[in-house]
Amino acid sequence: MYTVGQIASKFSVSRSTLLYYDTIGLLTPSGRSEANYRLYSDRDIARMEKIVMFRGAGLSLNAIMSLLDKEDDELHGTLERRLLDTNREIQALRNQQQVILSILGSDNALLNTRVITKEKWVALLRAAGLDEDGMLKWHMEFERTSPEAHQDFLESIGIDEEEIASIRHASKQAISHS
């Protein structure tokens, strides 16, 4: 059996977090000491491992509570929805980056971010020796192996929807003719 302090230390959470989890029924200790201190079992530790994992995935405590004792199908559905939500949040943040960079309008601001622009990306591909045919092959392979990631990447470098549709259409056509 483990004490609140041991569990808090093991999972890098505060004592008050564990007490709160107990209050809401998320992680109820399996026992109590003679002095009425909470004691956690190996089974409780396994449950806490899942809680920490789900928190790391960005799930709310309510979602976690409903998932802990569910079947794999329900778990997968919830996690797939969270993944889609995360993708939307990332895209919204990318859009915010682009707007901020546009407002700042300075190359210096671009140097201090993790943003790569279409112009920088094309320059990198050309420096690596790719001509137009090589770039088309690059897009074809990206589209063939990871179409959603291809879309995300093109959006992340600031290409507008119309040009993305054109690039992806050309890639798909080239794939079907190869």
Side-chain angles (χ1 to χ4, degrees), residues 11-13 17 21 24 26 46-178:
F11 292 101
S12 299
V13 297
T17 295
Y21 287 0
I24 65 172
L26 185 61
R47 185 175 176 93
M48 184 63 181
E49 287 171 346
K50 287 181 180 180
I51 292 168
V52 169
M53 179 181 61
F54 291 148
R55 288 297 286 163
L59 294 174
S60 69
L61 293 179
N62 285 336
I64 293 169
M65 198 170 319
S66 71
L67 282 179
L68 283 172
D69 301 316
K70 300 296 180 188
E71 298 297 321
D72 282 347
D73 288 346
E74 192 169 351
L75 173 63
H76 286 281
T78 299
L79 291 175
E80 286 172 356
R81 283 189 298 281
R82 178 64 190 138
L83 184 58
L84 291 173
D85 290 344
T86 301
N87 288 339
R88 282 190 285 274
E89 292 166 14
I90 289 169
Q91 186 55 46
L93 291 170
R94 282 187 188 133
N95 292 342
Q96 290 174 21
Q97 274 183 323
Q98 295 296 331
V99 169
I100 291 168
L101 288 170
S102 171
I103 293 168
L104 290 174
S106 94
D107 290 337
N108 190 37
L110 190 57
L111 291 174
N112 295 321
T113 67
R114 294 181 176 191
V115 173
I116 188 160
T117 62
K118 172 188 169 186
E119 294 75 23
K120 277 181 139 181
W121 185 250
V122 169
L124 284 169
L125 292 178
R126 293 215 186 278
L130 272 69
D131 57 7
E132 289 299 317
D133 188 50
M135 285 191 237
L136 177 60
K137 287 178 182 174
W138 182 88
H139 282 289
M140 286 170 55
E141 186 61 18
F142 208 163
E143 186 67 33
R144 188 181 65 73
T145 59
S146 301
E148 293 301 318
H150 189 208
Q151 173 79 26
D152 288 346
F153 175 76
L154 295 172
E155 290 172 356
S156 78
I157 62 174
I159 299 177
D160 65 56
E161 289 179 32
E162 189 174 308
E163 187 175 359
I164 289 173
S166 175
I167 290 168
R168 292 191 68 200
H169 177 73
S171 301
K172 290 173 187 173
Q173 280 196 314
I175 290 167
S176 69
H177 289 81
S178 62

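Side-chain atoms of S166 do not come within 3.5 Å of backbone N or O of E162 as any donor-acceptor pair. Judged by distance alone, the side chain of H177 and the main-chain N or O of Q173 form a donor-acceptor pair under 3.5 Å.
In this structure, OG in S156 is found 10.5 Å from CD in Q151, a value given to the nearest 0.5 Å. Here the CD atom belonging to E141 is positioned 9.0 Å from the OG atom belonging to S146, to the nearest 0.5 angstrom. For the atom pair NE2 of H76 and CD of E80, the computed distance is 8.0 Å after rounding to the nearest 0.5 Å. From R88, atom CZ reaches atom CD1 of I90 across 11.5 Å, with rounding to the nearest 0.5 Å. Taking CG of L130 as the reference point, atom CG of L136 lies at 10.5 Å (rounded to 0.5 Å). Of the inter-residue distances, the one linking K50 atom NZ with L68 atom CG reads 7.0 Å to the nearest 0.5 angstrom.
T78 and R81 share a side-chain donor-acceptor pair at under 3.5 Å. Defined by atom type and a distance below 3.5 Å, a donor-acceptor pair is present between the side-chain atoms of N95 and Q91.
With salt bridges taken as basic N to acidic carboxylate O contacts below 4.0 Å, one links E132 and R126.
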Side chain to side chain contact (heavy atoms under 4.5 Å, CB included) between M48 and V13, intermediate numbers included:
CA-CA 11 Å; M48 184 63 181; V13 297; 3.9 Å; yes
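Counting heavy atoms from C-beta on, the side chains of L154 and R168 come closer than 4.5 Å.
The minimum heavy-atom distance linking A63 with L59 is given by the pair CB-CB, 4.3 Å. When all heavy atoms are compared, the tightest approach of I159 to I164 is O-CD1, 3.3 Å. Considering every non-hydrogen atom in both G58 and R82, the closest pair reads O-NE, 3.5 Å.
Aromatic ring pairs are classed by plane angle as parallel below 30°, tilted from 30° to 60° and perpendicular above 60°; the pair F153 and W121 is perpendicular.
Summarising the local packing, NZ of K172 is surrounded by more than 12 heavy atoms from other residues, nucleotides or ligands at distances under 6.0 Å.
For the side chain to side chain contact (heavy atoms under 4.5 Å, CB included) criterion with H150, the lone passing option out of R144, E143, M140 is E143.
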